2 protein chains.
Amino acid sequence: MTEPTRTDKRRHIVETAYALFKRLGFHATGIDRIIAEADVAKMTMYRHFPSKDDLMVEVLAYRAGRFERQLDRLAEQAATPEQKIGIIFDWYGRWFHSADFHGCLFAHALAEFGDPAHPVFQAAARQKNDLKRRMRMILEERMPADEADSTSAALLMLIEGATLMARMGQPDLAIRDARKAAMAILAARGRPQ
Amino acid sequence: MTEPTRTDKRRHIVETAYALFKRLGFHATGIDRIIAEADVAKMTMYRHFPSKDDLMVEVLAYRAGRFERQLDRLAEQAATPEQKIGIIFDWYGRWFHSADFHGCLFAHALAEFGDPAHPVFQAAARQKNDLKRRMRMILEERMPADEADSTSAALLMLIEGATLMARMGQPDLAIRDARKAAMAILAARGRPQ
DNA sequence: GCATAGATAGACAGACCTGTCTTACTACCG
DNA sequence: CGGTAGTAAGACAGGTCTGTCTATCTATGC
């Protein structure tokens, strides 16, 4: 039996919406398009998600969870803080070159929903803060807390900026220059290696 | 006579649209809202701009021109490359703290218009490339061309990332950490001062 | 067998979108 | 004074948006 179960539907809707939001943007993707592409009735969607806002928040949470899990798994293979940071940049490098790279969904969400009180804004900001926290905790093995904080902020900026440049058509240069700058910053602080 | 002349109307529409796009986003701002806020007839708007796309492109060009002129003027007061780069970061620091800071309009345009062939995407990408070129030419006074290129890319990334962080509510930390990182990168390359 | 819960297809409301068109008004120039 | 070009105000078309509702079908548990 390959019939989808009930809870599968919910996930299927999320994944379909994710693909569309990524490609077309949030405002530009209508509910009708989502249910058509997911091959699902409108009421089914509205049963699982009371509003489009709820769906968007869940899509962002779904995507953030997958990202976190991937980094968790990759982190096991690294020993030193430098390696752990390097692995994150590796992930971004591969992502930039993936077939359906369309930029950072969270950055796009922040761009489309300017109100900091909006749930979509908050869901997107959460992912950025989580990534920064992840890097800060890695760096705290090597440097005092305040330096780890400002260094992780700098690394996050490089990553965000690199994603934008990759978006503009230079994925190779973007990841190379970002990594180079990151290493220079780390060298200037924690005295790596 | 304080009556607006004909060409003033065009500029007034652009400035009104700019304020709305900045606050609400491109898709979320309707033509009706623009003409109401600008207190202008619909046909007047469509006479000056054949379509909303044209208006958006002009708004981006207007904003980019103002930005470039401000930097040109500020650049006169600086002597060394480090000072010139510092002045750019100063500008961003002030911008982050300005009353109606709503993030980077060009980054938002790139986010909302994913198609690289779309005129709005291209107008936005142009501004990013122009800023990078400006910094690269500054850096070429101090380092070989290839290093100036990758360094300017890194500085642009820091600026973009800092703008995002400022957007998320930490303008002080954003500009401070970005500047700190920029100085570390410059110190690692061109041997400043 | 039968009740219940979920899914389907699609009509529908009410609002909003871009862009066109009409009619009347105003200001300037010769 | 007369002609012209720009503007105002708003109706309008045709489409899209989110969200609600109904009526029918299907599958599962008891």
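Model, not experiment: these values are computed from the prediction. Order of the sequence lines fixes the chain letters, A, B, ..., with proteins taken first and strands second; residue numbering starts at 1 for each chain.
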Arg33(B) CZ - dC16(C) C1' separation (whole Å)
13 Å
Given DNA chain D, 5'-ward residue of the pair Thr29(A) and Arg47(B), judged by closest heavy atom
Arg47(B)
Between the CD1 atom in Ile88(B) and the CD1 atom in Ile159(B), the distance rounded to the nearest 0.5 Å is 6.0 Å
Expressed as a whole number of angstroms, how long is the span from Asp32(B):CG to dA15(C):C1'?
12 Å
Would you confirm whether Arg136(A), through its side chain, and Ala145(A), through its main-chain N or O, come within 3.5 Å as a donor-acceptor pair?
no
State whether Asp72(A) and Arg134(A) are salt-bridged, where the test is any N-O pair (Lys NZ or Arg NE/NH1/NH2 against Asp/Glu carboxylate O) under 4.0 Å.
yes
Could Arg142(B) and Glu82(B) be called an ion pair, given the rule that one side-chain N must be under 4.0 Å from one carboxylate O?
yes
Test Asp130(B) against every option in Lys128(B), Lys132(B), Arg133(B) by the side-chain hydrogen bond (donor to acceptor under 3.5 Å, both in side chains) rule and name the one that passes.
Arg133(B)
Rounded to whole angstroms, how far apart are CE on Met45(B) and P on dT20(C)?
10 Å
Tell me the interatomic distance from Met43(B), atom CE, to dC25(C), atom C1', rounded to whole angstroms.
16 Å
Could you tell me the separation between the NE2 atom of His48(A) and the C1' atom of dG19(D), rounded to a whole number of Å?
17 Å
Report the distance from atom OG of Ser152(B) to atom CG of Leu155(B), rounding to the nearest 0.5 Å.
7.0 Å
Between P on dG10(D) and OH on Tyr46(B), what's the gap in Å once rounded to a whole number?
18 Å
For nucleotides 12-16 of chain D, give me every protein contact, N/O to N/O, under 3.5 Å, one pair per line with atom names.
none

How many whole angstroms separate atom CG of Asp39(A) from atom P of dA7(C)?
13 Å
Looking at Ser51(B), I'd like to know whether one of its side-chain N or O atoms comes within less than 4.0 Å of OP1 or OP2 on dT18(C).
no
Flag the pair Arg23(B) and Asp100(B) as a salt bridge only when some basic side-chain nitrogen lies within less than 4.0 angstrom of an acidic carboxylate oxygen.
no
For His27(B) and dC16(C), what is the distance between atoms NE2 and C1' respectively, to the nearest whole Å?
14 Å
Under-4.0 Å side-chain N/O to phosphate OP1/OP2 contact, Thr44(A) with dT8(C)
yes
Would you say Lys9(B) places a side-chain N or O within less than 4.0 Å of OP1 or OP2 belonging to dA8(D)?
yes
